[in-house]
S.K.: 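Below is a structure I'd like to ask you about.
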2 protein chains.
Amino acid sequence: MEEKPGKPLPPVIRVAIVEDDDETRKLTASLLNMYPGIECVGAFERAEDFAAAIASLHPHAVLMDIGLPGKSGIQAVKELKDKHRGTEFIMFTINEDAEQIVEALAWGATGYLLKNTRPEKIVEAIRDVVGGGGNLTTSVTRVLMEVLQANRGNRQLLEKLTAREQETLMLLKDGYSRKEIAKKLFLSEDTVRSHIRNIYEKFEVHNRAQVLKLVFGV
Amino acid sequence: MEEKPGKPLPPVIRVAIVEDDDETRKLTASLLNMYPGIECVGAFERAEDFAAAIASLHPHAVLMDIGLPGKSGIQAVKELKDKHRGTEFIMFTINEDAEQIVEALAWGATGYLLKNTRPEKIVEAIRDVVGGGGNLTTSVTRVLMEVLQANRGNRQLLEKLTAREQETLMLLKDGYSRKEIAKKLFLSEDTVRSHIRNIYEKFEVHNRAQVLKLVFGV
DNA sequence: TGAGAAATCGCACTTTAGTGCGATTGCCGG
DNA sequence: CCGGCAATCGCACTAAAGTGCGATTTCTCA
């Protein structure tokens, strides 16, 4: 595609499925096998079963449901991702909840598909992630963008601050004390105190954590 | 596609281009016009020119370069996005820099394409964003995921904390004082102090901002 | 030229935060 | 049944942080 060559595409992409719904699992497995270059090497009902098999299967990619009985798909990613770097995790779920999306991606999933995604798109996603890219449905992408916008806190607020105040805030954010900030900026402690005071006034807060939350949005 | 119906697709999608390189601009414009349902209604060399024209053009989408002479494409998004909600901004650039990607998306861009993207993919992206989705190339998506993972700080660290310590940390993050936390958790101030002390010890830090940076990653 | 904003600094004062060194209670697993 | 951990609380002390009320200088812009 438009990618720089990440990993070279393997001759046959080995895919596993973890999905508790029998019908979906079997259907998806057989669908995948209809595509040349894709082989479904395992289908599991439970994350625990997959965890036990992953080492011998060494799949290139796994379609992972989130709402599983027992261990959740996200938990599974969390636990398996680091130990199995050759396997890419694609979340495969009905859930479009922003929190879950962010969770899954933050723990190392590289794809996130909704279950009603058309088979060609699923295959495309598998090829993408195995090739070193990321693949989300457009709606998931949009959700992610919204989270990004919300999560950034109000960085626009930074523009309300003067240059010196901004510098001060950046050091504040890194956990430096007034004394340390003064040394770094070649100012007296009192000046730093003054800048901080002004920041608080502009944002109507009364301590550091509140500023950080407001501006950088934790 | 696999989307829930966002906005209804307009009969003809009006697209504008902001791109300083003559060849790329003209080529892209004519390419777009070859697709049914897509009309290039304006092509600009500078963000300022586009800003002056957007109100009368009311494009559904705009392909926006980042590295422009004068005002940058990101700056343009920042200034125009809120006032023109009917226009979706797609960054169209050679730059795959993580910071810029995050910046652009955080300010409200809903697409991010690399310039070597094939025309069909560009058109697909335009249709996606106008339809209420988001569209990034797979490599940009991957970058975004990496940022997400890095940016989350070490949330895994949370697991090192006991239940009470976690509760305390959450309130700390919201800028509450020891006294306030004590009241909220029905504890004595000294107990809260004790929990905080333990948190600091486990993470080897010495003040609130440092914990927040470490765990939530500002 | 004159008002205002930005940047610098000072001091006295109160409130929080952080550290050191304890204690008791209860629960859980080997 | 015992050792360890979690959770609770106490106190004394030092170090920061935050507030109130100033000041001077420099620079810009109307």
S.K.: For B:F203, does the six-membered ring have the charged nitrogen or CZ of B:K160 within the cation-pi criterion, i.e. under 6.0 angstrom from the centroid and within 45° of the normal?
M.R.: no

S.K.: With heavy-atom distances below 4.5 Å as the criterion, would you say the side chains of B:L185 and B:L171 are in contact?
M.R.: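 Result yes, sub-4.5 Å side-chain heavy-atom pair found.
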
S.K.: Rounded to whole angstrom units, what separation is found between the CG atom of B:L185 and the C1' atom of D:dC9?
M.R.: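 The answer, rounded to whole Å, is 15 Å.
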
S.K.: Can you give the donor-acceptor pairs under 3.5 Å from side chains of residues 40-55 of chain B to other protein atoms, not counting sequence neighbours?
M.R.:
residue : atom : partner : partner atom : Å
B:E48   : OE2  : B:K71   : N            : 3.1

S.K.: Can you name the atoms? Protein N/O to nucleotides 26-30 of chain D N/O, anything below 3.5 Å, with the distance.
M.R.:
none

S.K.: Rounded to whole angstrom units, what separation is found between the CG atom of B:D190 and the P atom of D:dG10?
M.R.: 6 Å

S.K.: Which salt bridge (Lys or Arg N to Asp or Glu O under 4.0 Å) pairs, counting each pair once, include a residue from residues 104-115 of chain B, with sequence neighbours left out?
M.R.: B:E19-B:K115, B:D65-B:K115

S.K.: Just how far, in rounded Å, is C1' of C:dC9 from CZ of A:F186?
M.R.: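 Distance check: A:F186 CZ to C:dC9 C1' gives 17 Å.
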
S.K.: With a cut-off of 6.0 Å (strictly less than), are more than 12 heavy atoms of other residues, nucleotides or ligands near CD of A:E159?
M.R.: yes

S.K.: For residues A:T110 and B:M145, determine if any side-chain heavy atom of one lies less than 4.5 Å from a side-chain heavy atom of the other.
M.R.: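 Yes. Closest side-chain heavy atoms under 4.5 Å.
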
S.K.: Taking all atoms of both residues into account, what is the closest heavy-atom pair of A:A209 and B:L212, and its distance?
M.R.: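 Heavy atoms only, the tightest pair is CB-CD1, 4.1 Å.
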
S.K.: Please give, in whole Å, the distance from D:dC5 P to B:E201 CD?
M.R.: 13 Å

S.K.: At how many degrees, to 10°, do the end axes of the helix from C:dT1-D:dA30 to C:dG30-D:dC1 meet when each uses five pairs?
M.R.: 50°

S.K.: Taking the side chain as every heavy atom from C-beta outward, state whether B:N33 and B:I38 have any atom pair closer than 4.5 Å.
M.R.: no

S.K.: Calculate the interatomic distance between B:N198 atom CG and D:dC9 atom P; express it in whole Å.
M.R.: 14 Å

S.K.: Check whether any side-chain heavy atom of B:K202 sits under 4.5 Å from a side-chain heavy atom of B:L161, and report yes or no.
M.R.: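 SC-SC contact between B:K202 and B:L161 confirmed.
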
S.K.: With nearest nucleotides of DNA chain C determined for A:S194 and A:K202 from heavy-atom distances, which residue corresponds to the more 5′ nucleotide?
M.R.: A:K202

S.K.: Does C:dT8 have OP1 or OP2 under 4.0 Å away from a side-chain N or O of A:H195?
M.R.: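 Answer yes for this pair, as a side-chain N or O of A:H195 is under 4.0 Å from OP1 or OP2.
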
S.K.: Could you identify which residues of residues 160-171 of chain B place a heavy atom less than 4.0 Å from some atom of DNA chain D, listed by residue number, or say none?
M.R.: B:T162, B:A163, B:R164

S.K.: Would you mind reporting whether B:L32 and B:I17 have side-chain heavy atoms less than 4.5 Å apart?
M.R.: yes

S.K.: If we only count heavy atoms from C-beta on, is the B:E88 to B:I13 side-chain gap below 4.5 Å?
M.R.: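 SC-SC contact between B:E88 and B:I13 ruled out.
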
S.K.: Check whether any side-chain N or O of B:T191 sits under 4.0 Å from OP1 or OP2 of D:dT8, and answer yes or no.
M.R.: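 Indeed not, no polar side-chain atom of B:T191 lies that close.
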
S.K.: A side-chain contact here means heavy atoms from C-beta on lying under 4.5 Å apart; do A:F92 and A:M64 qualify?
M.R.: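 Contact flag for A:F92/A:M64 side chains = no.
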
S.K.: Is the count of non-hydrogen atoms from other residues, nucleotides or ligands lying under 6.0 Å from B:L27 atom CG greater than 12?
M.R.: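 Atom CG in B:L27 is packed in, count exceeds 12.
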
S.K.: Quick one: which protein N/O atoms are closer than 3.5 Å to N/O atoms of nucleotides 14-19 of chain D? Pair and distance per line, please.
M.R.:
residue : atom : partner : partner atom : Å
D:dA17  : OP1  : A:R208  : NH1          : 3.0
D:dA17  : OP1  : A:R208  : NH2          : 3.4
D:dA17  : OP2  : A:R178  : N            : 2.8
D:dA17  : N7   : A:R178  : NH2          : 3.0
D:dG18  : OP1  : A:Y200  : OH           : 3.2
D:dG18  : OP1  : A:R208  : N            : 3.2
D:dG18  : OP2  : A:Y200  : OH           : 2.7
D:dG18  : OP2  : A:R208  : NE           : 3.2
D:dG18  : N7   : A:R178  : NH1          : 3.3
D:dG18  : O6   : A:R193  : NH2          : 3.2
D:dT19  : OP1  : A:H206  : ND1          : 2.8
D:dT19  : O4   : A:R193  : NE           : 3.1

S.K.: For the residue pair B:Y112 and B:L144, establish whether any side-chain heavy-atom pair is separated by less than 4.5 Å.
M.R.: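 B:Y112 vs B:L144: side chains apart.
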
S.K.: Without decimals, in angstroms, what is the distance between B:I181 CD1 and D:dC9 C1'?
M.R.: 16 Å

